[in-house]
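Each remark here refers to the structure printed beneath this line.
Each ligand, and each atom within it, is numbered from 1 in the order the structure gives. Just so we're clear, the structure is a prediction, and the values are computed from it rather than from any experiment.
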Amino acid sequence: MTITEQFKTKRCVFSIECFPPKQTTQMDKLKDTLQKMQALTPGFISVTFGAGGSAGGVSTAEVADYIQNELHIPTLAHLICMGNDETCAAEILDQLEAVGVRDVLALRGDRSPARPESPDFRHASDPTSFIKWKKPNFSVHGACYPEGHPEADTLLHDVENLRIKQAAGAEHLLTQLFFDNMHFYRFLNLARRAGITLPVSAGVMPIVKRSQIERTVALSSASLPSDFTRMISRYQDDPASLYDAGIDYAVNQLRDLIEGGADGIHLYAMNDAAVAAKVYDGIRDLL
Ligand code: FAD
């Protein structure tokens, strides 16, 4: 079943994100991880773009090919337009089409001095329209931000911009990670009132290591609720307890989201099959 069909038929679509390895020699390790994740029967697996995904490492298309054709799991390939013009984007779309991948998460990408702005695409809605024009048989997905994109002046303004993404042809939205479900419910309420009718998958990342707090959490600009910061300060010098508490925290978040009616839940599993399996064990009865 395609990803779009799953959102029409399943109560809640469970999906997992992975990222391509920085070195080609690490591809076998990723394959092993993905095989373990296959046992969790995800509705789809998404593959990130950039940051090791394409610059010298294994490409997004290569990982997507493996998931789609060897594991037979619907695959969502991320594509950022920062640094890519129409010709580059068209080449990547051809590569994806050649391996049977038909779902693309169209993203603008983060601004960085290392990456030039795209001459052809300004916002994610631009590659969305481009993909729908170039490959009408592709399904395009988009990103959204329960706490607002860091560049947006207000959450409402950011939500209103999602209407442009929806009108450009996006079929489904995936959220940035968050640690307080209140932000997701408030965002969803605003989005529905603003006329966003697309299914929305809620993104959750289990925090099981101290290093993740400094790196990933800081990068995502997600706010940290007090029960989360209490967990971190209590277990920061006890790695085994932090691991268990981080899994519990994610499981509680996800159970609440499924029971609260989320169209989908997306696990930012950081290529860790053991973490994904533990989280899945805690929610499988609800899926
Ligand atoms: P946009 O939708 O273009 O939004 C960016 C800003 O522009 C927002 O403030 C928005 O309100 C505003 N805006 C949007 N459209 C308009 C418009 N038409 N007019 C005026 N303002 C507008 N990064 C990677 O490098 N690789 C990845 O694989 C990757 N995967 C991601 C997956 C998810 C689920 C998420 C949430 C993010 C991901 N990112 C990834 C990060 C992403 O590239 C950045 O967050 C980036 O800053 C914004 O991308 P976007 O597609 O949301 O941009």
Side-chain angles (χ1 to χ4, degrees), residues 3 13 15-22 44-55 57-61 63-64 75-84 88-89 92 96 103-112 114-118 120-131 140-170 172-178 183-184 187 190-191 194 196 198-205 216-222 262-271:
I3 299 177
V13 178
S15 56
I16 305 177
E17 180 183 282
C18 75
F19 56 88
K22 286 199 173 97
F44 65 93
I45 294 183
S46 81
V47 188
T48 64
F49 186 95
S54 48
V58 179
S59 73
T60 302
V63 177
T75 310
L76 173 60
H78 298 204
L79 172 64
I80 62 164
C81 53
M82 196 65 79
N84 279 328
C88 294
I92 294 167
L96 294 172
D103 287 271
V104 176
L105 178 64
L107 296 149
R108 189 198 69 184
D110 278 324
R111 294 213 151 92
S112 139
R115 260 185 201 152
E117 294 270 336
S118 166
D120 299 322
F121 308 118
R122 190 166 162 70
H123 302 291
S125 48
D126 301 329
T128 302
S129 323
F130 178 74
I131 297 167
V140 187
H141 308 247
C144 63
Y145 302 81
E147 299 183 60
H149 185 271
E151 289 169 30
D153 44 6
T154 63
L155 176 60
L156 187 60
H157 198 188
D158 197 32
V159 166
E160 281 167 354
N161 284 333
L162 286 176
R163 278 207 297 253
I164 306 168
K165 221 176 256 193
Q166 177 170 272
H172 158 236
L173 297 172
L174 266 175
T175 78
Q176 178 60 287
L177 62 93
F178 56 89
H183 292 298
F184 176 76
F187 160 80
L190 271 178
I196 305 298
L198 303 177
V200 180
S201 292
V204 167
M205 180 183 285
T216 322
V217 177
L219 271 177
S220 73
S221 1
D263 303 307
I265 47 167
H266 191 62
L267 193 60
Y268 291 108
M270 302 303 289
N271 289 4

task = Before signing off on this row, confirm whether Arg108 and ligand 1 have an N or O atom pair separated by under 3.5 Å.
result = yes
request  = For atom 48 (C) of ligand 1, state which one of Arg122, His149, His141, His157 supplies the nearest heavy atom.
outcome  = His149
key: Atom indices of ligand 1 within 4.0 angstrom of Ala143 heavy atoms, with elements   = 35 (C), 36 (C), 52 (O)
inquiry  = The test is salt bridge (charged side-chain N to carboxylate O under 4.0 Å, His left out); show your working for Glu117 and Arg111 and say whether it passes.
reply    = CA-CA 8 Å; Glu117 294 270 336; Arg111 294 213 151 92; 2.7 Å; yes
task = List every atom of ligand 1 that sits less than 4.0 Å from any heavy atom of Leu174, numbering the atoms from 1 in the order shown and giving each element.
result = 34 (C)
task = Without swapping roles, check the side chain of Ser118 against the backbone of Asn84 for a donor-acceptor pair under 3.5 Å.
result = yes
Winner among Val159, Asp158, Asp126 once heavy atoms are compared against atom 11 (O) of ligand 1 = Asp158
ask   = ligand 1 and His78, any nitrogen or oxygen pair closer than 3.5 angstrom?
value = yes
inquiry  = So if I count the atoms of ligand 1 from 1 in the order they appear, which ones are less than 4.0 Å from some heavy atom of Leu105?
reply    = 32 (C)
Flag, side chain of Lys165 to backbone of Ala143, donor-acceptor distance under 3.5 Å = yes
ask   = Which class fits the ring pair Tyr145 and His149: parallel under 30°, tilted 30 to 60°, perpendicular over 60°?
value = perpendicular
Numbering as shown, the atoms of ligand 1 that approach Ile80 to under 4.0 Å (heavy-atom distance) = 24 (C), 25 (O), 26 (N)
query = atom 2 (O) of ligand 1: which of His123, Gln176, Lys165 has the nearest heavy atom?
reply = Lys165
ask   = In terms of atom number and element, which parts of ligand 1 are under 4.0 angstrom from non-hydrogen atoms of Ala152?
value = 9 (O)
query = Quick one: does Asn161 get an N or O within less than 3.5 Å of an N or O on ligand 1?
reply = yes
query = If you measure from atom 3 (O) of ligand 1 to every heavy atom of Ser221, Ala77, Ala124, Ser46, which option wins on shortest distance?
reply = Ala124
inquiry  = Is it the case that the side chain of Asn271 and the backbone of Cys18 share a donor-acceptor pair, with hydrogens and angles ignored and the cut-off at 3.5 Å?
reply    = no
request  = Quick one: sort the His141 and Phe44 rings into parallel, tilted or perpendicular, breaks at 30° and 60°.
outcome  = tilted
message = Using heavy-atom distances only, which candidate in Phe121, Phe19, Phe49 approaches atom 27 (C) of ligand 1 most closely?
response = Phe49
query = Which atoms of ligand 1 sit under 4.0 Å from any heavy atom of Thr48?
reply = 28 (O)
task = Using distance alone, decide if ligand 1 has a nitrogen or oxygen within less than 3.5 Å of any nitrogen or oxygen in Gly109.
result = yes
request  = Ignoring hydrogens and angles, state whether a donor on the side chain of His266 or Ser15 is under 3.5 Å from an acceptor on the partner side chain.
outcome  = yes
inquiry  = My understanding is that only one of Leu96, Val140, Ile131, Thr60 makes a side chain to side chain contact (heavy atoms under 4.5 Å, CB included) with Leu79; could you say which?
reply    = Ile131
inquiry  = What I want to check is whether the side chains of His172 and Ser201 have a donor and an acceptor closer together than 3.5 Å.
reply    = yes
ask   = Looking only at atom types and distance, does a side-chain atom of Asp126 sit under 3.5 Å from a main-chain N or O of His123, one as donor and one as acceptor?
value = yes
inquiry  = Would Asp110 count as a polar contact of ligand 1, with the cut-off being nitrogen or oxygen pairs under 3.5 Å?
reply    = yes
inquiry  = Can you classify the ring geometry of Phe178 versus Phe184 as parallel (below 30°), tilted (30 to 60°) or perpendicular (above 60°)?
reply    = parallel
key: Sub-3.5 Å N/O-N/O distance, Glu17 and ligand 1   = no
